[in-house]
Amino acid sequence: MYRFFVEPSQVEEHTIRIQGSDVNHIKNVLRMKTGEEILISSGDNLEYACYIEEMGTEEVLAHVMYVQEAGYELSSRIYLFQGLPKGDKMELIIQKAVELGVHEIIPVATRRAVVKLEGKKEENKIRRWQAIAGSAAKQSKRMYVPEVKPVMRFSQAIEQAKELDIVLLPYELAEGMRKTKEIIAQIEPGGSIGIFIGPEGGFDEEGVRMAVEMGAKAITLGKRILRTETAGLTVLSVLMFALEE
């Protein structure tokens with residue numbers, strides 16, 4: 001059954017008004033008909049089971065059959081601070097991070113990042129990345145679409161991360177796996193978690209020092225060196241396993 005996202009203002013007592021690009025998608029791409037059943041989320045933990053009641057030129061009216069608490073989301077909010085990778089790797093990272101339960105993705109410009117985004121180029125990239133997040137959220141039955149934030153400098157990301165309950169920083173020179181397992185085991189459901197992932201060149205020593213002084217926990221992901229597009233997804237997978245209720 002197809003899932004769609006709406007704003008809370010579009011939800012009425014027995015009717016939900018689907019607007020925007022989803023109208024064309026329902027009518028001309030999926031070629032759905034009145035009477036077909038769909039699922040709708042308005043960004044909370046409630047899932048609306050509906051059927052298409054009416055199709056207009058600018059909106060689709062869905063009749064609410066019943067509402068249930070879906071429980072698809074992790075109890076913790078996970079923020080992925082991803083160093084800008086080369087090529088289209090960010091698209092894969094966003095898609096899989098959304099599937100694994102990330103709450104928000106923050107692209108980070110670091111010293112060793114080869115990619116530089118600014119102005120119109122950045123706007124277009126963010127728009128593209130947000131669309132990928134939306135598609136991944138629909139496919140994986142997320143209850144909301146995680147936001148892809150504008151690109152931040154590393155120092156800005158550090159400041160934002162100070163507000164989180166715990167911050168993890170995979171680093172090849174971190175202590176052994178036992179220490180990492182202890183850190184993961186101490187994370188309790190319901191908190192906010194930050195993950196800092198470097199670009200292809202990794203974090204420089206100054207960046208690691210800044211993060212650790214802020215309170216980040218340096219962890220190891222094992223004896224093998226992981227690519228930037230693998231490291232964040234590895235941490236997300238471990239956290240999903242540890243926090244899933």
Side-chain angles (χ1 to χ4, degrees), residues 45 70-85 89-90 92-108 110 133 136-137 140-144 146-149 152 154 157-245:
N45 199 40
Y72 295 141
E73 295 297 329
L74 295 174
S75 60
S76 298
R77 295 189 172 191
I78 305 177
Y79 297 79
L80 177 61
F81 296 86
Q82 174 65 53
L84 288 172
K89 293 178 182 178
M90 193 66 173
L92 173 68
I93 292 169
I94 291 169
Q95 181 188 63
K96 300 308 176 186
V98 170
E99 292 177 16
L100 289 168
V102 77
H103 177 72
E104 190 173 280
I105 299 167
I106 305 96
V108 179
T110 63
S140 57
K141 292 188 176 181
R142 294 292 301 271
M143 298 305 294
Y144 65 93
E147 184 178 1
V148 181
K149 303 293 284 187
M152 287 186 182
F154 185 74
I158 288 292
E159 284 299 312
Q160 179 170 319
K162 288 180 179 179
E163 305 299 322
L164 305 180
D165 295 321
I166 187 169
V167 177
L168 306 176
L169 187 146
Y171 183 49
E172 59 268 24
L173 299 181
E175 292 185 44
M177 186 59 73
R178 177 179 296 180
K179 181 64 175 178
T180 294
K181 289 180 178 180
E182 291 175 358
I183 293 172
I184 298 296
Q186 292 170 2
I187 299 176
E188 297 183 357
S192 54
I193 307 168
I195 304 171
F196 271 79
I197 302 296
E200 279 84 358
F203 289 115
D204 56 29
E205 292 184 6
E206 176 66 13
V208 174
R209 183 190 63 77
M210 288 175 59
V212 171
E213 287 181 355
M214 174 272 295
K217 307 290 186 181
I219 63 173
T220 178
L221 299 181
K223 298 177 181 179
R224 293 152 298 282
I225 301 299
L226 303 182
R227 293 177 180 269
T228 184
E229 66 269 30
T230 308
L233 303 182
T234 299
V235 182
L236 279 166
S237 298
V238 171
L239 290 174
M240 183 184 69
F241 182 81
L243 299 172
E244 193 77 76
E245 297 180 343

- Item | Residues forming a side chain to side chain contact (heavy atoms under 4.5 Å, CB included) with R142, sequence neighbours excluded | E73, V98, A137, S140, Y144, P146
- Identify the heavy atoms of I105 and M90 that sit nearest to each other, and give their distance. CG2-CE, 4.1 Å
- Task: Looking only at non-hydrogen atoms, find the nearest pair between I184 and A242 and report the distance.
- Result: CG2-CB, 4.3 Å
- Message: Under the rule for ring-ring contact (aromatic ring centres under 6.0 Å, His included), what residues qualify as partners of Y171, not counting sequence neighbours?
- Response: none
- Message: Working note: I183 + I166, criterion side chain to side chain contact (heavy atoms under 4.5 Å, CB included); need CA distance, chi angles, decisive distance, verdict.
- Response: CA-CA 10 Å; I183 293 172; I166 187 169; 4.2 Å; yes
- Message: Looking at every non-hydrogen atom in both residues, tell me the closest pair between A97 and L233 and how far apart they are.
- Response: N-CD2, 3.7 Å
- Query: Could you go step by step and tell me if I193 and D165 meet the side chain to side chain contact (heavy atoms under 4.5 Å, CB included) rule?
  - Reply: CA-CA 6 Å; I193 307 168; D165 295 321; over 6 Å; no
- Any pair counted as ring pair (Phe, Tyr, Trp, His ring centres under 6.0 Å), so long as it reaches residues 205-245, sequence neighbours left out: none
- Message: So, using side chain to side chain contact (heavy atoms under 4.5 Å, CB included) as the criterion, who are the partners of K141 when residues are at least two apart?
- Response: R3, Y72
- Task: Compare every heavy atom of V102 with every heavy atom of E104, then report the nearest pair and how far apart it is.
- Result: O-CG2, 3.4 Å
- Message: Would L168 and I187 count as a side chain to side chain contact (heavy atoms under 4.5 Å, CB included) here? Give the steps.
- Response: CA-CA 11 Å; L168 306 176; I187 299 176; 4.2 Å; yes
- Query: With E159, which residues qualify under side chain to side chain contact (heavy atoms under 4.5 Å, CB included), at least two apart?
  - Reply: K162
- Item | Distance in Å, Q160 CD paired with Y79 OH, rounded so as to fall on 0.5 Å steps | 8.0 Å
- Item | Partner set under side chain to side chain contact (heavy atoms under 4.5 Å, CB included) for S237, not counting sequence neighbours | L100
- Message: Would you say that L80 contacts I197 through its side chain, given a criterion of any heavy-atom pair below 4.5 Å between the two side chains?
- Response: yes
- Hits for side chain to side chain donor-acceptor pair (under 3.5 Å) against N45, two or more places apart or cross-chain, chain-then-number order -> none
- Task: List the atom of E163, the atom of S192, and the distance in Å for their closest heavy-atom pair.
- Result: O-OG, 4.3 Å
- Partner set under salt bridge (Lys or Arg N to Asp or Glu O under 4.0 Å) for K181, not counting sequence neighbours: none
- Query: So, does S76 use its side chain to make a donor-acceptor pair with the main chain of G190 at under 3.5 Å?
  - Reply: yes
- Item | Residue pairs involving residues 209-235 (criterion side-chain hydrogen bond (donor to acceptor under 3.5 Å, both in side chains); sequence neighbours excluded) | Q82-T228, E206-R209, R209-E213
- salt bridge (Lys or Arg N to Asp or Glu O under 4.0 Å) against E182, all qualifying residues, sequence neighbours excluded: none
- Query: Can L169 and V212 be said to form a side chain to side chain contact (heavy atoms under 4.5 Å, CB included), step by step?
  - Reply: CA-CA 8 Å; L169 187 146; V212 171; 5.9 Å; no
- Task: Measure up the F203 and F154 rings against each other and bin them: parallel (under 30°), tilted (30 to 60°), perpendicular (over 60°).
- Result: tilted
- Message: Any heavy-atom pair between the side chains of L84 and P199 that's under 4.5 Å?
- Response: no
- Can you see which heavy atom on M152 is nearest to which on I106, and at what distance? SD-CG2, 3.6 Å
- Note on the structure: One should read off an interatomic distance between I78 CD1 and I195 CD1, to the nearest 0.5 angstrom, of 5.5 Å
- Applying salt bridge (Lys or Arg N to Asp or Glu O under 4.0 Å) to E188 and not counting sequence neighbours gives none
